[in-house]
Colleague: 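There's a structure below that I have some questions on.
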Amino acid sequence: MSKRFYATVDVNTGETNIYSGDWNTEVKSKIQGKTSLIYKGFNTENEAKDFINQGYVEKNDIDPNDNEAVNKEIENRISSLTDDEAIIATDGSYMEDINKNIAGAGWIEISKDHKEPKNDTCDPKGMRNVAGEIKAIEEGIKWARSKGFKRLDIYFDYAGLVGWAYGYNIDDSKAVEKKDVKTSYYNLIKETSKYMKLVFHKVSAHTNVKYNEEADHLAKDAVENYGK
C-alpha cells in the first residue's frame with residue numbers, strides 16, 4: 001500500500017485538510033466529487049502543509065450563491081481598506097459570433113482613494129472567455145504591484161483561477177498553449193506572493209453580484225468595441 005498525503009482547500013469556505021493513506025482505499029471517497037475542493041497529493045506531510053500554507057483562500061462563512069451577503073461583504077471590505085490594501089473584481093468574455101480571435105477582459109481596480117474600471121482584449125489561446133479572466137487578474141495584479149500594496153483581494157467567478165494559483169491541474173490540458181498560459185499565470189501568482197498577500201474570493205456568476213456584473217459588462221464591451 002502506497003501512503004501519500006493529500007492536501008485539500010475548499011474554494012468556498014477556505015477550510016483545509018490533509019488526508020493520508022492509499023488513494024483508492026482510504027482517500028478517494030473523501031475528496032472526489034466535491035467540486036469546491038482543490039487538492040493535490042504529496043510524498044510528505046510537510047509538502048502537503050506547504051501547499052495549504054500558500055493561503056490564497058481565507059476561511060469565511062459567506063455563501064458564494066448568496067448575492068446579498070457577497071455584495072455586503074465586498075462593500076464592507078471596500079469601506080475598511082487601508083493604504084496598503086486593494087481589491088480587484090474580474091471577469092472575461094468570449095463571443096465567437098462577433099470576433100472569434102479575441103477574448104475580452106474586464107476588471108475594476110479599487111483602493112482607499114481609487115476606483116477605476118478597466119478592460120482590454122487578448123488572444124483566447126483555445127481557452128475562450130477564461131483567457132480574458134486570466135488577463136484581467138494579471139493586469140489587476142500588475143496595477144497592485146506598481147502601487148506597492150501589501151494585500152490584494154481578488155473577486156472572480158471561475159474556480160479554475162484559484163486552482164491554478166495553487167498549482168492544481170496546471171498540466172491537465174493536452175494543448176501546449178493552454179499549459180503555457182496556466183503556467184505563466186501560476187508563476188506570476190507565486191512571484192507576487194513574495195511581496196503581497198493575495199486572497200481569492202469565489203463568487204457565483206450572473207447572480208447580481210455588483211462588481212462581478214460590472215466586470216462582465218466591461219469584458220463584453222472590450223469585445224464588442226474592438227477596433228472602433
Side-chain angles (χ1 to χ4, degrees), residues 7-17 30-39 51-82 85-94 104-112 114-119 128-130 132-141 144 149 151-166 168-169 185 189 193 196-221:
T8 68
V9 179
D10 191 301
V11 172
N12 293 336
T13 67
E15 181 181 351
T16 62
N17 281 293
K30 299 174 183 177
I31 295 178
Q32 283 199 333
K34 298 179 180 179
T35 57
S36 63
L37 287 187
I38 298 165
Y39 64 92
F51 179 84
I52 286 173
N53 289 338
Q54 292 176 93
Y56 296 131
V57 183
E58 292 184 340
K59 287 187 178 180
N60 70 86
D61 57 2
I62 303 294
D63 180 355
N65 296 308
D66 185 342
N67 66 305
E68 290 186 9
V70 172
N71 280 324
K72 184 178 180 180
E73 195 273 338
I74 295 173
E75 292 298 341
N76 287 341
R77 189 171 295 280
I78 290 172
S79 66
S80 63
L81 283 171
T82 69
E85 299 172 337
I87 292 170
I88 54 171
T90 65
D91 209 355
S93 180
Y94 181 78
W107 67 100
I108 304 157
E109 303 168 351
I110 306 170
S111 63
K112 188 175 180 179
H114 172 87
K115 184 181 292 185
E116 185 173 0
K118 295 283 190 72
N119 63 4
R128 300 172 70 88
N129 62 296
V130 176
E133 298 188 40
I134 290 174
K135 170 76 170 178
I137 290 180
E138 290 178 338
E139 292 300 321
I141 286 175
F149 295 123
R151 176 182 172 117
L152 178 66
D153 288 88
I154 302 168
Y155 289 85
F156 66 103
D157 64 22
Y158 178 62
L161 295 166
V162 68
W164 299 330
Y166 275 93
Y168 173 69
N169 279 351
Y185 170 79
I189 299 293
S193 66
M196 182 190 308
K197 174 71 173 174
L198 298 174
V199 182
F200 287 78
H201 303 264
K202 172 75 170 64
V203 304
S204 295
H206 310 299
T207 56
N208 294 317
V209 174
K210 177 183 174 182
Y211 287 100
N212 179 255
E213 295 291 342
E214 288 185 16
D216 178 57
H217 290 313
L218 288 165
K220 285 182 168 63
D221 285 346

Colleague: In Å and rounded to the nearest 0.5 Å, what is the CD1 to NZ distance from Ile108 to Lys115?
Modeller: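 The CD1 atom of Ile108 sits 8.5 Å away from the NZ atom of Lys115.
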Colleague: Using the test side chain to side chain contact (heavy atoms under 4.5 Å, CB included), find all partners of Ala105 that sit at least two apart in sequence or belong to another chain.
Modeller: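 Ala105 satisfies side chain to side chain contact (heavy atoms under 4.5 Å, CB included) with Trp107, Lys135, Ala136 only.
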Colleague: Within a strict 4.5 Å, meaning less than it, do heavy atoms of the Lys202 and Phe156 side chains meet?
Modeller: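 The answer is yes, as the side chains (C-beta and beyond) meet within the 4.5 Å cut-off.
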Colleague: For the residue pair Asn12 and Ser36, what are the closest heavy atoms and their distance?
Modeller: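 Looks like ND2-CB, 3.5 Å.
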Colleague: Would a 4.5 Å heavy-atom cut-off, applied to side chains only, mark Val70 and Asp63 as touching?
Modeller: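 No, side chains not in contact.
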Colleague: Return yes if a side-chain donor-acceptor contact under 3.5 Å exists between Asn129 and Ser93, otherwise no.
Modeller: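 Per modelled atom types, Asn129 and Ser93 side chains form no pair under 3.5 Å.
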Colleague: Restricting to side chain to side chain donor-acceptor pair (under 3.5 Å), what partner residues turn up for Asn67, sequence neighbours left out?
Modeller: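 Listed in chain order: nothing, the list is empty.
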Colleague: Could you point out which residue of Leu152, Val11, Val162 forms a side-chain contact (heavy atoms from CB on, under 4.5 Å) with Phe200?
Modeller: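 Of the listed residues Leu152, Val11, Val162, the side-chain contact (heavy atoms from CB on, under 4.5 Å) partner of Phe200 is Val162.
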Colleague: How long is the gap from NZ on Lys112 to OG on Ser79, to the nearest 0.5 Å?
Modeller: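 Lys112 atom NZ to Ser79 atom OG measures 11.5 Å (nearest 0.5 Å).
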Colleague: Test of understanding: with salt bridge (charged side-chain N to carboxylate O under 4.0 Å, His left out), list the residues that count as partners of Glu109, not counting sequence neighbours.
Modeller: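 Applying salt bridge (charged side-chain N to carboxylate O under 4.0 Å, His left out) to Glu109 gives Lys118.
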Colleague: Sort and list the pairs that fulfil salt bridge (charged side-chain N to carboxylate O under 4.0 Å, His left out) and have at least one residue in residues 207-217, not counting sequence neighbours.
Modeller: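 Residue pairs with at least one partner in residues 207-217: Glu75-Lys210, Asp216-Lys220.
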Colleague: Please name all residues satisfying side chain to side chain contact (heavy atoms under 4.5 Å, CB included) with Arg151, sequence neighbours left out, ordered by chain then number.
Modeller: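 Side chain to side chain contact (heavy atoms under 4.5 Å, CB included) list for Arg151, sorted by chain: Glu58, Arg77, Glu85, Asp153, Lys197, Val199.
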Colleague: Decide yes or no for Leu218 and Asp91: does some side-chain heavy atom of the first lie under 4.5 Å from some side-chain heavy atom of the second?
Modeller: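 Side-chain contact under 4.5 Å: no.
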Colleague: Kindly assign one of parallel, tilted or perpendicular to the pair Tyr166 and Tyr56, based on the angle between their ring planes and the thresholds 30° and 60°.
Modeller: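 Perpendicular.
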Colleague: Would you sort out whether Leu81 and Ile110 count as a side chain to side chain contact (heavy atoms under 4.5 Å, CB included), showing the intermediate values?
Modeller: CA-CA 9 Å; Leu81 283 171; Ile110 306 170; 4.1 Å; yes
Colleague: When rounded to the nearest 0.5 angstrom, what is the spacing between OG1 in Thr8 and OH in Tyr168?
Modeller: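 Rounded to the nearest 0.5 Å, the OG1-OH separation comes out at 10.5 Å.
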Colleague: Report the C-alpha separation of Tyr158 and Val130 in whole Å, then their side-chain angles, then the decisive distance to 0.1 Å, and conclude whether the side chain to side chain contact (heavy atoms under 4.5 Å, CB included) test is met.
Modeller: CA-CA 8 Å; Tyr158 178 62; Val130 176; 4.0 Å; yes
Colleague: Rounded to the nearest 0.5 Å, how far apart are CG of Leu161 and CD1 of Ile154?
Modeller: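 The CD1 atom of Ile154 is 9.0 Å from CG of Leu161, to the nearest 0.5 Å.
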Colleague: Are the side chain of Asn212 and the backbone N or O of Ala205 linked by a donor-acceptor pair below 3.5 Å?
Modeller: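 No, Asn212 side chain to Ala205 backbone: no donor-acceptor pair under 3.5 Å.
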Colleague: Check whether any side-chain N or O of Thr207 sits under 3.5 Å from a backbone N or O of Asn65 as a donor-acceptor pair, and report yes or no.
Modeller: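 No: the side chain of Thr207 does not pair with the backbone of Asn65.
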Colleague: Do Tyr211 and Tyr155 have ring centroids that are under 6.0 Å from one another?
Modeller: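 No, ring centres 6.0 Å or more apart.
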Colleague: How would you list, by chain and number, every residue that makes a side chain to side chain contact (heavy atoms under 4.5 Å, CB included) with Asn60, sequence neighbours excluded?
Modeller: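 Testing Asn60 for side chain to side chain contact (heavy atoms under 4.5 Å, CB included), a comparison that skips the adjacent residues, returns Ile62.
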Colleague: Any chance you could measure Leu37, atom CG, to Asp10, atom CG, to the nearest 0.5 Å?
Modeller: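 That separation rounds to 5.5 Å.
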Colleague: Go through it in stages, so that I can follow the logic: the residues are Val9 and Tyr39, the test is side chain to side chain contact (heavy atoms under 4.5 Å, CB included), and I'd like the CA-CA distance, side-chain angles, deciding distance and then a yes or no.
Modeller: CA-CA 6 Å; Val9 179; Tyr39 64 92; over 6 Å; no
Colleague: If I take atom CD from residue Glu138 and atom CD1 from residue Ile88, how far apart are they, to the nearest 0.5 angstrom?
Modeller: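 It comes to 10.5 Å.
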